[in-house]
Structure formats: structure tokens, C-alpha cells
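Have a look at the structure below, then the notes.
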Amino acid sequence: EREVRQLAVDNSAMTYLNVSLIGLNGRLHPAITGVATTHQVKKMRPHIKMLCGNYLTFEMKSNQSGGSAHCHLCLYKTESLEHLISICEKIDDMRTRIKTKMVSICNENGVKIDITKFTHKQFTQYVLDPSSMNLPKRVPLDHPVLPILFQQSRDFCYGIDQIRRKVISE
């Protein structure tokens with residue numbers, strides 16, 4: 001396990017999945033819990049790809065094979081994961097809804113985290129993994145609200161993916 005963990009830590013793409021503090025075998029990551037139907041699995045795919053740094057943004061594509069790194073949704077110069085989740089103006093309405101919903105869910109369940117004060121990087125991290133050790137304030141792994149937040153995260157990431165697919169295919 002130590003060798004695999006070191007390879008994961010050394011993988012620069014895994015910015016949002018912090019494996020240095022948790023084991024790589026045994027307990028499931030909370031991002032994949034609470035999924036019971038094939039539709040939920042389908043929605044989970046973009047979320048997990050984003051969390052693991054394996055979601056093909058135009059920045060990643062440009063770094064790997066050349067071409068433009070600009071966002072095809074808003075024409076910003078670089079389409080990174082942080083841009084898609086936290087900045088892109090074409091995702092503003094969806095982002096506002098998810099922020100409001102996540103704040104409401106946390107408040108209703110006694111979790112005192114003010115994500116409205118997070119930086120773009122912190123908000124991106126929170127959306128992908130609200131229990132991450134990379135956050136200044138996180139949801140505890142054993143808190144019952146965590147599966148609800150991950151469901152919101154999956155829905156948001158799936159929504160971003162669907163918007164991108166539609167724009168790119170046109």
C-alpha cells in the first residue's frame with residue numbers, strides 16, 4: 001500500500017483527492033457511498049473523474065496534445081477544473097443554486113462552514129470533496145450530512161459535464 005500511496009501522492013493530476021492521509025484499501029471514499037441506482041452511477045462518473053484529476057478539460061488537452069486551452073462555454077483563456085466549477089460565467093446559475101443548497105443543507109444539519117468565503121480553489125475542493133483534509137474547515141467523515149452533500153456534488157458535476165458536452169458537440 002505504501003508504494004501505491006506514494007505513486008498517488010506523486011501524481012500531480014490528483015490535486016483534489018488527498019490520499020496521503022487516508023489508506024488506499026479498506027474503507028470506501030465517501031464520494032462513492034450512497035449510490036444505489038444505475039442513474040446515480042452515471043451521474044457519479046464526471047464527479048469522480050474531476051475529483052481524481054482525470055476530467056479532460058481543454059487546459060489538460062492543450063498540455064497533452066496542443067491546441068487551444070480556452071473555455072468553450074465562456075471563451076475564457078483557460079478551461080481548468082477550477083474555472084469550470086468556480087468561475088465560468090456560463091455555469092453561474094447552476095453554481096449559485098448549488099452554493100445556496102449546500103449552505104442550506106449544512107445549516108439545517110448543524111455544520112458551520114461558510115463556503116461563501118472560500119477562495120475559488122477552496123470552493124472547487126469543497127464541491128469535489130467536502131470532507132477533504134485540504135480544506136480549512138471540512139465536514140467530518142462520520143457526519144450524516146456528508147452523503148447528501150456528495151449527492152449535490154455529483155449532480156453539479158454531472159450538470160457541468162452535460163452543458164460542456166452540448167456546447168462541444170454543436
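Quick caveat: nothing in here was measured; it's all calculated off a predicted structure. Heads up: numbering here begins at 1 and tracks the sequence.
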Any carboxylate oxygen within less than 4.0 angstrom of a Lys/Arg side-chain nitrogen, looking at E79 and K61?
no

Looking at L149, V103, I105, V145, which one forms a side-chain contact (heavy atoms from CB on, under 4.5 Å) with V111?
V145

Residues I85, F156; criterion side-chain contact (heavy atoms from CB on, under 4.5 Å); working and verdict
CA-CA 9 Å; I85 291 175; F156 183 50; 3.8 Å; yes

Which atom pair, heavy atoms only, marks the closest approach of R138 to I113?
C-CD1, 3.5 Å

Distance (rounded to the nearest 0.5 Å) between C52 SG and H29 NE2:
8.5 Å

Compute whether any side-chain donor of one residue and acceptor of the other, for D155 and H47, lie under 3.5 angstrom apart.
no

Donor-acceptor pair between S68 and H70 side chains, under 3.5 angstrom:
yes

Measure across P130 and L135 and return the closest heavy-atom pair with its distance rounded to 0.1 Å.
O-CD1, 3.7 Å

Using a strict 4.0 Å threshold on nitrogen-to-oxygen distance, state whether R97 and D93 make a salt bridge.
no

Between atom CG of N134 and atom NZ of K121, what is the distance when rounded to the nearest 0.5 Å?
7.5 Å

Check for a donor-acceptor pair, side chain of Q122 on one end and backbone N or O of T119 on the other, with a separation under 3.5 Å.
yes

CD-CG distance between E59 and L84, expressed to the nearest 0.5 angstrom:
10.0 Å

Got a donor-acceptor contact below 3.5 angstrom from the Q40 side chain to the T37 backbone?
yes

Give a yes-or-no answer on whether the side chains of T57 and S80 include a donor-acceptor pair shorter than 3.5 Å.
no

Check: K42 main-chain N/O paired with R154 side-chain donor or acceptor under 3.5 Å:
no

So, for Y76 and H83, is the gap between ring centers shorter than 6.0 Å?
yes

